[in-house]
Amino acid sequence: MMLLPTHHFRDIERKPEYLQPEKCVPPPHPGPVGTMWFIRDGCGIACAIVTWFLVLYAEFVVLFVMLIPSRDYVYSIINGIVFNLLAFLALASHCRAMLTDPGAVPKGNATKEFIESLQLKPGQVVYKCPKCCSIKPDRAHHCSVCKRCIRKMDHHCPWVNNCVGENNQKYFVLFTMYIALISLHALIMVGFHFLHCFEEDWTKCSSFSPPTTVILLILLCFEGLLFLIFTSVMFGTQVHSICTDETGIERLKRKHQPREHRGSWKSVKETFGGDFSLNWFNPFSGPCDPEPLSDRDWVRQAASLSETDNTETAEERSEERKDEDSVEVTDE
């Protein structure tokens, strides 16, 4: 047997140099365990800073405009504890989503030696990403911002400055959930505060002047309403993706092609870290540890992939030609 190159959709060049695995730089030595993951993207960093600023602004208005000046100490204490707890969990989830490796494929492993070590059989293919020179396992996609192939990549979110993938989807779901909850809580408190101020003297319901109080509350109301809608939609989309075991990218590419799914409950448990418990809502508790990739995870069957090609459009095929190459073993 010898290695012959083939394209995802058709054999376009049967030359051993097509993939040029010898041009791939050997993968760097893995960093120490616990090395922090951080994407150096200017737009993403700016969006992450804005996210923190908006949460801290809501914190300021809730505490210093509504709760601290209130004469109902029980109301202030209860709402202050609830709001601050939700805000803390939201920011903790944001940090975990931003600083957790989403499931990056080892970079630069598409070397000639590694491909030969897989000992491919006839009908098996290995897909290479020409952008990061890595072998792409099933359900992995390349992110142009992270410059890596990510396992079970759903999308790249600038608000967390990271991809949402196999290892950090739980944190992203918790982030959207807690932001939606504090937005709803803030809107309810703003409504009660306006009613209270209309009944009382405006000078007694806030430590700020009435015009300043109104402006701060209106801005908080606008922010809360906007983020309640946005994060609720994102939360629902992510939960649906987890339950159907289908990422956003896969849903866009699938069209009307049927795909075999695992049980939705199994997918949920893997994402949130085991059987249902309070740890599901804990951003400091990780998902189930994924099994390390074995040699068979890098290999795909050409027969099963060919069935999916018939359902894709010409534009999708053109896009795939830009992103993926493959190596096939034949008996020639």
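Keep in mind that what you see is a predicted model, and the values were worked out from it rather than measured. Just so you know, these numbers use all the heavy atoms, side chains as well, and skip hydrogens, waters and symmetry mates.
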Short side-chain to backbone donor-acceptor contact, Gln124 and Lys121, under 3.5 Å: yes

Smallest separation among heavy atoms of Gly108 and Ser134, with atom names: N-CB, 4.0 Å

Side chains of Ile39 and Cys146 in contact at under 4.5 Å (non-hydrogen atoms): yes

Spatial distance of atom NE2 (His156) from atom OG (Ser144) [nearest 0.5 Å]: 8.0 Å

Any donor-acceptor pair under 3.5 Å from Ser241 side chain to Thr237 backbone: yes

Sidechain N-carboxylate O distance under 4.0 Å for Asp245, Arg139: yes

Side-chain heavy-atom pair Leu219, Leu217 within 4.5 angstrom cut-off: no

Separation of Leu54 CG from Ile179 CD1 (nearest 0.5 Å): 9.0 Å

Residues Met234, His155; criterion side chain to side chain contact (heavy atoms under 4.5 Å, CB included); working and verdict: CA-CA 11 Å; Met234 287 301 300; His155 68 288; 3.8 Å; yes

Heavy-atom side-chain contact between His240 and Arg251 under 4.5 Å: yes

Side chain to side chain, Gln238 and Phe175, heavy atoms closer than 4.5 Å: no

Hydrophobic cluster identity match, Tyr57 and Ile182, side-chain contacts under 4.5 Å: yes

Residues Val268, Cys243; criterion side chain to side chain contact (heavy atoms under 4.5 Å, CB included); working and verdict: CA-CA 6 Å; Val268 171; Cys243 291; 4.0 Å; yes

Contact check, side chains of Ile242 and Ser267, non-hydrogen atoms, under 4.5 Å: yes

Closest heavy-atom pair and its distance - Cys149, Lys136: SG-CG, 3.7 Å

Stepwise side chain to side chain contact (heavy atoms under 4.5 Å, CB included) test for Ile249 and Asp154: CA-CA 6 Å; Ile249 293 178; Asp154 188 87; over 6 Å; no

Nearest-0.5 Å distance that lies between atom NZ in Lys269 and atom NZ in Lys266: 9.0 Å

Flag, side chain of Tyr171 to backbone of Phe284, donor-acceptor distance under 3.5 Å: no

Trp159 versus His94, side-chain donor and acceptor atoms under 3.5 Å: no

Between Trp37 and Asn168: side-chain donor-acceptor atoms closer than 3.5 Å: no

Within one Ile-Leu-Val-Met-Phe-Trp-Tyr cluster: Val160 and Leu56, side-chain cutoff 4.5 Å: no

From Ser93 atom OG to Met177 atom CE, the distance as rounded to the nearest 0.5 Å: 7.5 Å

Side-chain donor/acceptor of Ser277 to backbone N/O of Asn279, under 3.5 Å: yes

Side-chain donor or acceptor of Thr176 paired with backbone N/O of Val173 under 3.5 Å: yes

Side chains of Tyr75 and Leu67 in contact at under 4.5 Å (non-hydrogen atoms): yes

Leu195, CG: over 12 other non-hydrogen atoms inside 6.0 angstrom: yes

Any donor-acceptor N/O pair, Tyr178 side chain to Phe281 backbone, under 3.5 Å: yes

Verify same cluster id: Leu91, Phe53 (apolar side-chain graph, 4.5 Å): yes

Val190 vs His193 side-chain heavy atoms within contact, under 4.5 Å: no

Within 6.0 Å of CZ in Phe192, more than 12 heavy atoms from elsewhere: no

Residue pair Thr213 / Ser209, side-chain heavy-atom distance below 4.5 Å: no

Minimum-distance pair of heavy atoms, taken over all atoms of Cys47 and Pro158: CB-O, 3.2 Å

Check: Lys170 side chain, Ser285 main-chain N or O, donor-acceptor pair, under 3.5 Å: yes

Between Asn79 and His185, a side-chain donor and acceptor under 3.5 Å: yes

For the student: nearest non-hydrogen atoms of Lys107 and Cys132, plus distance: CG-O, 3.5 Å

same_hphob_cluster(Tyr73, Val65) at 4.5 Å side-chain heavy-atom cutoff: no

Cluster overlap Phe83 with Leu85, hydrophobic side-chain contacts below 4.5 Å: yes

Test item: Arg96 side-chain N/O and Pro283 main-chain N/O as donor-acceptor pair under 3.5 Å: yes

Ring geometry between Phe227 and Phe230 (parallel below 30°, tilted from 30 to 60°, perpendicular above 60°): perpendicular

Rounded distance [0.5 Å steps], CD1 in Ile45 versus CZ in Phe38: 4.0 Å

Asn162 CG to Leu99 CG distance, which is reported to the nearest 0.5 Å: 8.0 Å

Closest non-hydrogen atom pair, Asn167 against Asp101: CB-O, 3.0 Å

Any donor-acceptor N/O pair, Trp280 side chain to Asp275 backbone, under 3.5 Å: yes

Under 3.5 Å donor-acceptor, Arg148 side chain and Val105 backbone: yes

His196 and Met66: CA distance, side-chain angles, deciding distance, side chain to side chain contact (heavy atoms under 4.5 Å, CB included) verdict: CA-CA 10 Å; His196 173 70; Met66 293 189 287; over 6 Å; no

